[in-house]
Amino acid sequence: MHDNMDSGGRREQRDFSPIVGKYNKILFGQRADMRGGYIDAPHATALDGASIDRVLRGKVNTGSFLTDDGLVMPSASRIYLDARMRDLFEVAPGSTLLMQDASGRERALTVANARHGAEGGKFVPITMRAEMLSGLKRLIQQKYQADARTGEIAQKFNELGGTSMITTVSRGVCDINRYPDFKGTMDADAQKGGVEEYRRFKEEILRRVGNLGASGEAVRPFLHIALHGKKDFDSARANDSDIELGTARGASCADKNVVEWLEEALRRKLAEKNVILRNAAPVVNTDVRLWGDPSKSEGSRQHGDNFMTVQMEVCRNIRNKYDSELAQIFAELIQEFTNKFHK
């Protein structure tokens, strides 16, 4: 608990102790001039081998399975997946999934529907030959790489006095940027639990900064910057950028004045911090290619139009070369928003 002076010169007491949940953690900032918003890093955590083993436990059968003709072993050229696992790999029955076997040789496996295990009962999510299991794990790990350095940038932002939320599980286990029933992750229970915890944590941030109304609404304008990683600029990609702001095409932040201010302020601060790529200023776009999943609008749906979410996709070069500058830019953006809009 810390004493601060409120806008009327009265002494107030605030609790800045962090909150650590099962899937996310909040690091509360102590600066009063940064209470107008926070940043989060939803894809900060890599999917390690232990997490993959834990999630796959009980979901993989490498032995025989039940058919009308009795028990048979999995075909060497097939992988049998249930609907959730097919969504995970974005494949359909009859399509091909490439992976390496235990010797490192690449194999093309035809996708088929899930099968019952030897004892019958429920379908087993994954049935395959044992020599392909290591390749499956590598494939999962490659698919769900973390957005490098986003967690470190969020941590540095907190050290500068701002509030940050960092997701502590991989998006392969729970993707915070999707709905609770999203099927493109490995764990349905974690997907539901993680998103629900994330939403509770957003409300707790509003409560801690004194901006939560009686009906759960944000009383004053509040800016949520969702920090993501994108690939580096490629001129061969139409309308590519180094940084793209996304508002789910206006659904997550309907106030055009705020969006225009944010893009202008971001360009200005990149120049002030001498962030240079390809001997020029970074290319910044808004809602052109990476405008964000519709779930980004949940903040305003739950807490009203004063709760404004803007996704910020930042290329790898900036995250790697200018991480400290980026944290400082976020701090200054939240300060400026607090002074300009958080009345």
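Values below: all heavy atoms of this structure, side chains included; hydrogens, waters and symmetry mates excluded.
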Residues pairing under salt bridge (charged side-chain N to carboxylate O under 4.0 Å, His left out) where one sits in residues 184-198, two or more places apart or in two chains, turn out to be Lys192-Glu196

Residues at least two apart in sequence or cross-chain that pass ring pair (Phe, Tyr, Trp, His ring centres under 6.0 Å) with His228, listed by chain then number, are His43

Salt bridge (charged side-chain N to carboxylate O under 4.0 Å, His left out) pairs touching residues 124-134, sequence neighbours excluded, are Arg129-Glu131

The complete set of ring pair (Phe, Tyr, Trp, His ring centres under 6.0 Å) pairs with one or both residues in residues 74-112, sequence neighbours excluded, reads Phe65-Tyr80

Problem - Expected output: side-chain Arg249 to main-chain Asp287 donor-acceptor under 3.5 Å - result: no

Contacts of Glu90 meeting side chain to side chain donor-acceptor pair (under 3.5 Å) (sequence neighbours excluded), chain-then-number -> Lys143

For residues 266-283, the salt bridge (charged side-chain N to carboxylate O under 4.0 Å, His left out) pairs (sequence neighbours left out) are Asp242-Arg278, Glu263-Arg267, Glu264-Arg268, Arg268-Glu336, Lys269-Glu332, Lys269-Glu336, Lys273-Glu332

Contacts satisfying salt bridge (charged side-chain N to carboxylate O under 4.0 Å, His left out) that involve residues 42-64 (not counting sequence neighbours) are Asp53-Lys137

So does Lys231 pair up with Asp240, basic N to acidic O under 4.0 Å? no

With the side chain counted from C-beta on, respond yes when His224 and Met308 share a heavy-atom pair under 4.5 Å apart, and no when they do not. no

Notebook entry, point to check: Can you check side-chain contact (heavy atoms from CB on, under 4.5 Å) on Asn158 and Phe28, steps first, answer last?
Noted result: CA-CA 7 Å; Asn158 173 251; Phe28 288 99; 5.6 Å; no

Partner of Thr167 under side-chain contact (heavy atoms from CB on, under 4.5 Å), picked from Asp40, Ile176, Asn177, Thr150, is Ile176

Checklist entry - Hey, does the side chain of Ser51 reach the backbone of Leu47 with a donor-acceptor pair shorter than 3.5 angstrom? => result no

Tell me if a side-chain donor or acceptor on His342 pairs with a main-chain N or O of Pro221 at a distance below 3.5 Å.
yes

Residues joined to Val288 in its hydrophobic cluster, side chain to side chain under 4.5 Å directly or through other members, sorted by chain and number, are none

Taken in chain and number order and not counting sequence neighbours, the residues that satisfy side chain to side chain donor-acceptor pair (under 3.5 Å) with Gln311 are Lys296, Glu313

For Met73, the other hydrophobic cluster members (4.5 Å side-chain criterion, sorted by chain and number) are none

For Asp323, the salt bridge (Lys or Arg N to Asp or Glu O under 4.0 Å) test, sequence neighbours excluded, returns Arg149, Lys156

Those residues at least two apart in sequence (or on a different chain) that pass salt bridge (Lys or Arg N to Asp or Glu O under 4.0 Å) with Glu217 are none

Less than 4.0 Å between a side-chain N and a carboxylate O, is that true for Asp33 and Arg31? yes

